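Throughout, protein chains are lettered first and strands after them, A, B, ... in sequence-line order, and every chain is numbered starting at 1. This structure is a prediction, so every number in the text was calculated from the model and none was measured.
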Amino acid sequence: MPTVPLHDWNLAPRDAIALQRRLAGRVEREDRLGEVRRLAGVDIGFEQGGEVTRAAVVVLAWPPEVDGGFTVVEEVVHREPTRMPYIPGLLSFREVPAALAAFERLAVTPDLVMVDGQGIAHPRRLGVASHLGLWLDLPTIGVAKSRLCGRHGEPGPERGDWVPLTDGPDDEVIGAVLRSRAKVKPIFVSGGHRVSLPTALDWVIRCLVRTKLPEPTRLADRLASRRGGAAGAKG
DNA sequence: GCGACAG
DNA sequence: ATCTTGTCGC
């Protein structure tokens, strides 16, 4: 068991921030992932005006089929009462509890996880993807649809074009702004835990299928938002 | 004091 | 995040 709790819900903002500062030091920015056979995507949605939190995890097989289609290995949806409001910078305290509950119900353990949100591209370098990765003790990548912090230029127009996302007085590179699809607003990719930026970008690009979001996150997004094309949404 | 601000 | 119809384009 970790000496310092990885999270403690019901913390006042200033205490949550202090905890993030301590945990940020535990996040690994160098690659430390084994062979990837199971890729997971995680996302959180809300129901009933935000009263209910809905966590969705989708596990895909890697590599995809010859026709480019990904095989869904497992899906889990977990619902529980929402415990905290959304506060920029403290997103993990609102979403991670439900995500953990969903992972506990997973029969298979993924080798790499893509999370909807920032990884280290966070004011204190502990976005939701990093926090979840620390807790799960698994490699994670942050895939966000918009910027939380940092500076960047405009990435080129072609799919795969990207520019670095920097922050702080020393221009630290905290992520990348990636054109995941032509003519579409770019996404923000960053290492979560145990994944370097080059590797994070590599995996995200390899999971793009004519869409703006990589398959793991796209499918989890669908499930969490209830749109899920299929039925059997547990929870 | 004034903006910015993942989902 | 969520509330929401039709509409433009590959």
Side-chain angles (χ1 to χ4, degrees), chain A residues 7 9 13-14 16-17 20 23-24 27 41-57 68 77-100 102 113-134 140-152 157-159 165-169 174-193 197 200 204 208-214 216-228 235:
Chain A
H7 58 37
W9 316 125
R14 68 157 295 163
I17 288 172
Q20 291 185 323
L23 297 182
V27 176
V42 189
D43 188 34
I44 309 297
F46 297 87
E47 306 173 2
Q48 300 171 31
E51 299 300 309
V52 175
T53 296
R54 186 186 168 92
V57 179
V77 172
H78 167 79
R79 300 167 75 254
E80 65 174 44
T82 298
R83 59 183 82 206
M84 217 181 105
Y86 166 67
I87 300 174
L90 299 182
L91 181 66
S92 64
F93 289 83
R94 172 177 165 83
E95 304 191 339
V96 169
L100 292 176
V113 183
M114 287 191 194
V115 184
D116 190 295
Q118 313 289 352
I120 65 169
H122 174 281
R124 293 168 291 284
R125 309 293 181 263
L126 192 81
V128 63
S130 300
H131 202 160
L132 184 62
L134 272 181
T140 58
I141 293 173
V143 181
K145 296 182 287 298
S146 61
R147 183 191 71 89
L148 171 60
C149 68
R151 304 173 290 277
H152 67 84
E158 305 302 314
R159 168 201 289 213
L165 175 65
T166 62
D167 190 36
I174 59 177
V177 184
L178 171 70
R179 185 76 67 189
S180 55
R181 182 179 179 179
K183 302 176 182 178
V184 170
K185 188 177 64 163
I187 59 178
F188 296 71
V189 178
S190 58
H193 181 47
L197 181 57
V204 168
L208 292 175
V209 183
R210 297 177 176 180
T211 51
K212 167 178 178 174
L213 296 175
T217 295
R218 188 180 73 79
L219 295 178
D221 218 291
R222 250 181 25 173
L223 250 192
S225 301
R226 267 177 191 278
R227 283 163 290 175

Student: Please tell me which of A/Lys183 and A/Glu95 maps to the more 5' nucleotide of DNA chain C, matching each residue to the nucleotide holding its nearest heavy atom.
Tutor: A/Glu95

Student: Round to the nearest Å and state the distance from A/Ile87 atom CD1 to B/dA4 atom P.
Tutor: 20 Å

Student: In whole angstrom, what separates A/Arg181's CZ from C/dC10's P?
Tutor: 10 Å

Student: Specify the separation, in whole Å, of atom CZ of A/Arg54 and atom P of B/dG7.
Tutor: 19 Å

Student: Between atom CZ in A/Arg159 and atom C1' in C/dC10, what is the gap in whole Å?
Tutor: 13 Å

Student: A side-chain contact here means heavy atoms from C-beta on lying under 4.5 Å apart; do A/Ser190 and A/Leu165 qualify?
Tutor: no

Student: Give a yes or no answer on whether the side chain of A/Thr82 reaches the backbone of A/Glu51 with a donor-acceptor pair at less than 3.5 Å.
Tutor: yes

Student: Between B/dG7 and A/Ser146, is there an OP1 or OP2 to side-chain N/O distance shorter than 4.0 Å?
Tutor: yes

Student: In whole Å, what is the span from the CG atom of A/Leu148 to the C1' atom of B/dC5?
Tutor: 7 Å

Student: Respond yes when some side-chain nitrogen or oxygen of A/Arg147 is under 4.0 Å from OP1 or OP2 of B/dC5, and no when none is.
Tutor: yes

Student: Counting N and O atoms only, with roles assigned by atom type, does the side chain of A/Arg179 sit under 3.5 Å from a partner on the main chain of A/Val184, one being a donor and the other an acceptor?
Tutor: yes

Student: Does A/Tyr86 lie flat on the base of B/dG7, that is, centres under 5.5 Å apart and planes under 30° off?
Tutor: yes

Student: In whole Å, what is the span from the CG atom of A/Leu90 to the C1' atom of C/dA1?
Tutor: 16 Å

Student: Please state how far atom CD1 in A/Ile174 lies from atom P in B/dC5, giving the value in whole angstrom units.
Tutor: 13 Å

Student: Roughly how far, to the nearest 0.5 Å, is CD1 of A/Ile44 from CG of A/Asp116?
Tutor: 9.0 Å

Student: Is A/Ser180 reaching over with its side chain to a backbone N or O of A/Leu213, donor-acceptor style, under 3.5 angstrom?
Tutor: no

Student: Convert the base pairs of DNA chain C into dot-bracket notation, remembering that pairs crossing earlier ones are written with [ ] and that bases paired across to another strand are shown as |; include only Watson-Crick or G-U pairs under 3.5 Å.
Tutor: ..........

Student: Students often get this wrong, so: under 4.0 angstrom with heavy atoms, is A/Gly127 touching a base, only sugar-phosphate, or nothing?
Tutor: base

Student: Supply the atom-to-atom distance A/Glu95 CD to A/Met84 CE, rounded to the nearest 0.5 angstrom.
Tutor: 10.5 Å

Student: Name the nucleic acid region contacted by A/Gly50, choosing base, sugar-phosphate or nothing; use a 4.0 angstrom heavy-atom cut-off, strictly under.
Tutor: nothing

Student: Between A/Lys145 and B/dG7, is there a side-chain N or O to OP1/OP2 distance below 4.0 Å?
Tutor: yes

Student: Please confirm whether the backbone N or O of A/Ser146 pairs with a side-chain atom of A/Gln118, one donor and one acceptor, at under 3.5 Å?
Tutor: yes

Student: Rounding to an integer number of Å, can you tell me how far A/Lys185 NZ sits from B/dA6 C1'?
Tutor: 11 Å

